[in-house]
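Notes to accompany the following structure.
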Amino acid sequence: MGKIESKEFKLWSGEKVLVRTCSVQDAADVLKLGREVAVEGKFSSMAPGEFKLTEQKEKEWIGRYLKNPSWLLLAAEVNGSVKAVIHVETVSTRRRLRHCANLHIRVQKKWRDQGIGTILVKRLLEWADATPGLEKICLSVFATNSRAIHVYKKLGFRVEGRRKQQYKIKPGKYVDEILMARFV
């Protein structure tokens, strides 16, 4: 896995957050965060009830990141527990696609709107700028997630497309998916 130097930041609330490379010891916290975001269901492609990972599976998932130098998994830790994660992995090993990577982020509801997401994306972009062969960071976001779209645009991401009614929230209710990217 790609690695970064651990660094402490101050949130808008004044609290301190430590951004660091994730480790297998974080599996329980990362699993809890994933469950919370999935259960909330507001901005997740996973419907409530579909999240069925175990701590062992989470350790294996983190382990795959640890083995791949062109992947990065970061944790945002407040008071000793993980409140957000961001990860990026290359799209493919094929020569024509390996310059692109997909970004994913999860922030615990209580910690949104405090700057954690912005800090994580900036740290990831610093790493991406220094990673040979990586040229483009791609992401997708619910069209209803205006806060996230605002942050991504502020950090240099541009809208590349829109998938109409990509997510079916419930019968008769759909959400479009916005595709964004930033060249590094």
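Atom set for the values below is all heavy atoms of this structure, side chains included, hydrogens, waters and symmetry mates excluded. Positions are given from 1, in the same order as the sequence printed here. All of these numbers come straight from a predicted model, not from anything done at the bench.
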Name all residues meeting the ring pair (Phe, Tyr, Trp, His ring centres under 6.0 Å) criterion together with F142; count only those two or more places apart in sequence or in a different chain, and write none if there are none.
-> Y167
Could you walk me through whether L125 and R123 pass the side chain to side chain contact (heavy atoms under 4.5 Å, CB included) check?
-> CA-CA 5 Å; L125 291 173; R123 288 295 283 156; over 6 Å; no
Considering all heavy atoms of both residues, which atom of V88 and which atom of Y65 are nearest to each other, and what is their separation?
-> O-CE2, 3.6 Å
For C100 and L134, which heavy atoms make the closest approach, and how far apart are they?
-> C-CD1, 4.1 Å
Could I get the full list of side-chain hydrogen bond (donor to acceptor under 3.5 Å, both in side chains) partners for T90, not counting sequence neighbours?
-> W71
Using a 4.5 Å side-chain heavy-atom cut-off and chaining through intermediate ILVMFWY residues, the residues clustered with M46 come out as L31, F51, L53
Starting at CD1 of I116, measure out to OG of S13 and round the result to the nearest 0.5 Å.
-> 8.0 Å
Apply salt bridge (charged side-chain N to carboxylate O under 4.0 Å, His left out) to K57 and list each qualifying residue two or more places apart in sequence or on a separate chain.
-> E60
Approximate separation, where rounding is to 0.5 Å, of S140 OG and L179 CG = 6.5 Å
Within 6.0 angstrom of N79 CG, more than 12 heavy atoms from elsewhere | no
Apply the test side chain to side chain contact (heavy atoms under 4.5 Å, CB included) to residues K16 and V78: give CA-CA distance (whole Å), side-chain angles for both, the deciding distance (0.1 Å), then the verdict.
-> CA-CA 7 Å; K16 292 179 182 175; V78 179; over 6 Å; no
Rounded to the nearest 0.5 Å, the CH2 atom of W127 sits from the CD1 atom of I4 at a distance of 10.5 Å
Kindly compute the distance separating NZ (K7) from CG (L18), expressed to the nearest 0.5 Å.
-> 11.5 Å
Could you name each residue pair satisfying side-chain hydrogen bond (donor to acceptor under 3.5 Å, both in side chains) that touches residues 28-39, not counting sequence neighbours?
-> E36-Q108
Do you know which two heavy atoms are closest between K59 and A27, and how far apart they sit?
-> CG-CB, 3.4 Å
Single-linkage hydrophobic cluster V159~V151, side-chain heavy atoms < 4.5 angstrom | yes
pair V85-L74: side-chain heavy atoms closer than 4.5 Å | no
Restricting to pairs with a member in residues 73-98, which pass salt bridge (Lys or Arg N to Asp or Glu O under 4.0 Å), not counting sequence neighbours?
-> R20-E77
Scan residues 144-171 for pairs that pass salt bridge (Lys or Arg N to Asp or Glu O under 4.0 Å), counting only residues two or more places apart or in two chains.
-> D113-R147, K136-E160, R162-D176, R163-E177, K164-D176
Rounded distance (nearest 0.5 Å) linking atom CG of L72 with atom CD of E126 | 11.0 Å
Gap separating the OG1 atom of T144 from the CD1 atom of I178, nearest 0.5 angstrom = 9.5 Å
Of all heavy-atom pairs linking T21 and K3, the shortest is OG1-CA, 3.6 Å
Can you find a pair of side-chain heavy atoms, one from Y174 and one from I169, that are under 4.5 Å apart?
-> no
Stepwise, does the side chain to side chain contact (heavy atoms under 4.5 Å, CB included) test hold for V141 with Y152?
-> CA-CA 10 Å; V141 60; Y152 295 137; 4.3 Å; yes
By side-chain hydrogen bond (donor to acceptor under 3.5 Å, both in side chains), E5 pairs with (sequence neighbours left out) none
List the steps, then state whether side chain to side chain contact (heavy atoms under 4.5 Å, CB included) holds for R106 with F43.
-> CA-CA 9 Å; R106 282 176 262 167; F43 301 121; over 6 Å; no
How about F157 and I137: do any of their side-chain heavy atoms sit closer than 4.5 Å?
-> yes
Inter- and intrachain pairs under side-chain hydrogen bond (donor to acceptor under 3.5 Å, both in side chains), touching residues 42-55, at least two apart | none
Do L33 and V107 come close enough that some side-chain heavy atom pair is under 4.5 Å?
-> no
Correct closest heavy-atom pair for L11 and G115 would be CD2-C, 4.2 Å
Sequence neighbours excluded, the answer for salt bridge (charged side-chain N to carboxylate O under 4.0 Å, His left out) partners of E135 is none
Taking only residues two or more places apart in sequence or in another chain, which ones pass ring pair (Phe, Tyr, Trp, His ring centres under 6.0 Å) with H104?
-> H87
side-chain hydrogen bond (donor to acceptor under 3.5 Å, both in side chains) partners for E58, two or more places apart = none
Taking the side chain as every heavy atom from C-beta outward, state whether V30 and C22 have any pair of such atoms under 4.5 Å apart.
-> yes
